[in-house]
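In this text, all values refer to a predicted model and were calculated from it rather than measured experimentally. Per chain, numbering begins at 1; letters A, B, ... match sequence-line order.
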Amino acid sequence: MMRRAVLFAFIVLVALLPVVLPDSAEFYVTLANYIGLYALVALGLVLLTGVGGLTSFGQAAFVGVGAYATAWLTTAFGWSPWATLAVALAATTVVALFLGFITLRMGGHYLPLGTIAWGISLYFLFGNIEAFGGHTGLGGIPPVSLFGMELKNGREFYYLIWIALLLGVIATQNLLDSRDGRAIRALKGGVVMAEAMGVNTAWYKIVIFTIAAQFACVSGWLYAHLQRFVNPTPFSLTQGIEYLFMAVIGGVGHVWGALLGAGLVTILKQWLQDLLPKLLGQSGNFEVIVFGLVMIFVLHRARDGLWPVLLTRVERLWPALAAGAGGRVADAERLPRREMPQAGETILEVQRVSKRFGGLTANNAVSFTVRAGEVMALIGPNGAGKSTMFNCVSGVNPPTEGEVRFLGQRVDRLAAREIARRGMSRTFQHVRLLPAMSVLDNVAIGAHLRGSRTFIHSSVRLDRDEERRLRFEAARQVERVGLGEHLFDAAGSLPLGKQRIVEIARALAADPCLLLLDEPAAGLRYLEKQALAELLRKLRAEGMGILLVEHDMDFVMGLADRIVVMEFGEKLAEGLPKQIQEDPKVLQAYLGGIE
Amino acid sequence: MDFQIALLLGQDGLTNGAIYALLALALVLVFAVTRVIFIPQGEFVAYGALTLATLQAGQLPATLWLILALGAAVAALDGAQALRHGAARKLPRILALNLAVPLALWFLLASTDLAGLPLVAQVLLALAVVVPLGPMIYRLAYQPIAEAPVLILLIVSVAVHVVLIGLGLLFFGAEGTRTPAFSEGTLELGATTLQYQTLWILAISAILIVALYAFFGRSIYGKALRATALNRTGARLMGISTTMAGKLSFTLAALIGAFSGILISPITTLYYDSGFLIGLKGFVGAIIGGLASYPVAAAGALLVGFLESYSSFYASAFKEVIVFTLIIPVLLWRSLTTHHSEEDE
């Protein structure tokens, strides 16, 4: 409630600013206009860099696309500014999709390098095209008309800028608090986990890059109609770097950090541009020295930027502002469930699967099956190739040879997310949760494929019904694994054993018919292990197939219906727990030979 | 275009390409060892050339103040760290390297008739002033966050780049300079004439590349760098200090950068901010090599040099656009051919 009040107060302040400032303070209106324009670009970078873990130095070039598109079309062809906005956005989208397609499939540093190159080329292109007026630029851009009123001066235009910015902020916040938002936040936790939960990571990377580019484009369009003149200078790589500085200094993981950063950098720049040349006795853009040093300091000491620092300070002084952790998950209609195979039906068939890494054979012609309604345990000494087998089955790392059939269809050449869609879900030996996100949100990532609303719905809140159902489902799974009291805790704050259980809840949220558990009992205490075994028995009784890798023999022997033993990448034995316990080869592998 | 012009442009392209190749090698080296995408590489090019020009004008270069300041900062940080860990015996070495050496250099420069020195001595002094900036910058900007993600290191690189650009303007002013050629005159070679400086550039680039090859293949430090590049944790377990590897790679990068600047400043006018575009062209070459392969990076850099020189003939205004747009088909090709497996990171 208090947060809403503060937000409301901020909006009122923004709305009143041009009214209360006297005519002599025109400079401050201009400053506020620029802060709004810059913050819109920085907002895109929050989504791209802070949330998605990607970055771009070429945002200024997208600003330029927006500005030049409208400058050229309105002056040379007499188009309406609103029509040019659509064209500018379309052009930006095409460029962003293209750049994203060619760079995002590779390592994370190719996108920023690609955007540096694109930023430089576009800058020189703007300056050398005659229709764009070369380096002198284009003037005489018409003002924007809104409801028959021409926005000719800075004070009128102020409202257009800040309304655009606040709409951008709200849309971004809505997007982040949704199914797609969770998928985007999952990008930072590594591609492997997100894909295993059915998230098409390449698509989401391209989406956020495109959205960030569109914010920049709108900022450029506004800039052109505010200035009524464009030249290439504000769209150079230097400016692109400054946008990133704003986002990082303000707090690149926070929507409001974009506003804070844009405000701070713009005001500081104004001040330094006056001060430094006097101090140093020569003219030049010396403020970049200060900005660069501040940047290095921020990245060393407060990598999340100033917004979270500010927030903790304020919350300490004014505790009522701190949003109470906790709350409640509203009841909602249950999500539809998958049709489960008949108990006893073979759901997974692994046939002579081999996996080689160069000369190392991690799995050699291993075969086994898993049936619906049984627990199949995969055991063996460390380095036997169990986790490699998990990765082959779940599509994380496809096998070199052999076949994997799931529900009767070959899946060994499918992407992990396609296999997930067919009803296989897994946990990881090394926990892959997003530590800063709540347990509830982490588990809700597992239900990704059970929703269908996209970022377009969520940005205007058309996803609320589905979102309630997803959250309810996630909460139900958290309760089911016995972590109900941790629903709103940050996942990283739980002990490791409990984090493994969160992973199980996340896998269950996908409503799988085959569950792959990689060492789920490691790090659990005795009673917790018993509770886990109880849960797995219940799942088995519901008809789920469970493939389990585990080192705790009491746990395995008391739970598994059948066991496969692996050693040095090969299958050593297979059978009922009793048979395995008496198998001389297994005893030798585990306890050493008896001479 | 007739044959004569084609040869001339080819010569230009080869000269620039050789410089880009050197820079591309340094970039691949730094990235492989430290995961830092070394955007400020280009600033070393400008600093090297402009420091030499200042020395030749008989003045003390402002870069000298920079190494004094950075040296003091490094000495303070390392000294405090050594005292905290109760390793006071390291202090003399820390103070000597970071304070005494720059101070000695200052006295040497202040007491010498710089303009009257032979070119070789001037070049060596310029390198002595600029190269220590490499390891000092590594210590101050990168070492505290050496394990950070590539993305954070990249943003730090960009921050270092803008700081150095700003300082470059402060130190050297907005005017560009040329330095005299290593040896004047031209060589008639069949249909074409070669400037001696071009031959110098080609010869020294080739020598440097061979020297680097020998360094990595034969010397223990080179092998340590290669080990660090392959596996940081493994190298550390074998007793290789990743900090040492980082500083060494930055020293090499600074040396290559500054020397490249000294090599080309007789044939192009360099400004305080010229280094950036030159460095980025090296980058385009390095990216062609996937930031991993030295020979492909060098070949890519030569390609950039030729493309730049021939496009300056056909569409001079669009020269930069063409060179930097080259990266697009390269990235496209790499993204289609690189098999991106979803390995554990």
Side-chain angles (χ1 to χ4, degrees), chain A residues 49 53-55 57 98-99 101-110 112-114 116-125 127-128 134 190-192 195 237-238 241-242 244-245 248 280 282 284-296 299-300 303 391 395-398 415-416 430, chain B residues 31 35 37 39 140-142 144-145 148-156 158-167 169-170 173-174 272 276-277 280 283-284 286-287 290-291 315 317-336 338 340-345:
Chain A
T49 308
L54 304 167
T55 206
F57 295 102
F98 177 69
L99 279 180
F101 172 76
I102 63 172
T103 54
L104 288 173
R105 289 150 46 101
M106 293 177 293
H109 48 276
Y110 280 98
L113 290 177
I116 287 180
W118 132 262
I120 293 180
S121 330
L122 202 76
Y123 170 75
F124 282 106
L125 202 62
N128 284 300
V191 172
V192 173
E195 288 275 329
L237 185 62
T238 320
I241 291 171
E242 213 162 276
L244 190 68
F245 283 9
V248 171
L280 299 169
Q282 33 177 311
N285 296 331
F286 299 118
E287 72 279 357
V288 294
I289 304 174
V290 179
F291 286 158
L293 293 175
V294 170
M295 254 325 255
I296 296 171
L299 288 170
H300 281 195
R303 209 176 283 170
N391 288 343
V396 166
N397 216 336
H430 302 288
Chain B
F31 182 72
R35 302 176 304 125
I37 295 180
I39 306 280
L140 295 172
Y142 297 98
I145 51 163
V150 174
L151 190 68
I152 300 288
L153 295 172
L154 171 61
I155 299 176
V156 170
V158 171
V160 172
H161 153 72
V162 300
V163 171
L164 290 180
I165 283 277
L167 289 174
L169 176 62
L170 184 62
Y272 73 98
F276 185 48
L277 281 187
L280 282 181
F283 246 114
V284 177
I287 289 174
L291 285 177
F318 293 97
K319 186 177 81 170
E320 314 290 2
V321 181
I322 292 171
V323 169
F324 286 105
T325 311
L326 171 69
I327 206 172
I328 302 279
V330 168
L331 286 173
L332 184 62
W333 163 67
R334 289 209 75 87
S335 88
L336 292 178
T338 326
H340 187 64
S341 73
E342 309 265 299
E343 295 278 339
D344 280 20
E345 58 270 14

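Of the listed residues (A:Leu237, A:Thr238, A:Leu280, A:Leu113), the greatest number of heavy-atom pairs within a distance under 4.5 Å of chain B belongs to A:Leu113. Ranking B:Val284, B:Ile39, B:Ile37, B:Val330 against chain A, the residue ahead of the rest is B:Ile37, based on heavy-atom pairs under 4.5 Å. Ranked by heavy-atom pairs under 4.5 Å with chain B, the first of A:Trp118, A:Phe57, A:Phe291 is A:Phe57. Ranked by heavy-atom pairs under 4.5 Å with chain A, the list B:Leu140, B:Leu170, B:Val323 is led by B:Leu170. For the set B:Val150, B:Ile152, B:Thr325, the count of heavy-atom pairs under 4.5 angstrom toward chain A peaks at B:Ile152.
Both the backbone and the side chain of A:Leu299 come within less than 4.5 Å of a heavy atom in chain B. Interface residue A:Phe98: only side-chain heavy atoms are found under 4.5 Å from chain B. In this structure, chain B has a heavy atom under 4.5 Å from the backbone of A:Asn285, while its side chain stays farther away. With a threshold of 4.5 angstrom between heavy atoms, B:Leu169 approaches chain A through its backbone and through its side chain. For A:Leu99, the part lying near chain B is the side chain, with the backbone staying farther off; criterion is any non-hydrogen pair under 4.5 Å.
To the nearest 0.5 Å, the span separating CD1 on A:Ile120 from CG on B:Leu277 amounts to 5.5 Å. If you take CG on A:Leu293 and CG on B:Leu167, they are separated by 7.5 Å, rounding to the nearest 0.5 Å. The structure places CG of B:Leu154 at 6.0 Å from CD1 of A:Ile116, a figure rounded to the nearest 0.5 Å.
Heavy-atom minimum distance, B:Ile145 versus A:Arg303: CG2-NH2, 3.6 Å. In this structure, A:His300 and B:Pro144 approach most closely via the heavy-atom pair CE1-CG, 3.6 Å.
For B:Tyr142, the side-chain hydrogen bond (donor to acceptor under 3.5 Å, both in side chains) partners two or more places apart in sequence, or in a different chain, are B:Ser157.
The closest side-chain heavy-atom distance from B:Leu151 to A:Thr49 is below 4.5 Å.
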Determine all donor-acceptor pairs shorter than 3.5 Å in which one atom belongs to a side chain in residues 159-166 of chain B; sequence neighbours excluded.
unit_1   : atom_1 : unit_2  : atom_2 : d
B:His161 : ND1    : B:Glu43 : OE1    : 2.8
B:His161 : ND1    : B:Glu43 : OE2    : 3.4

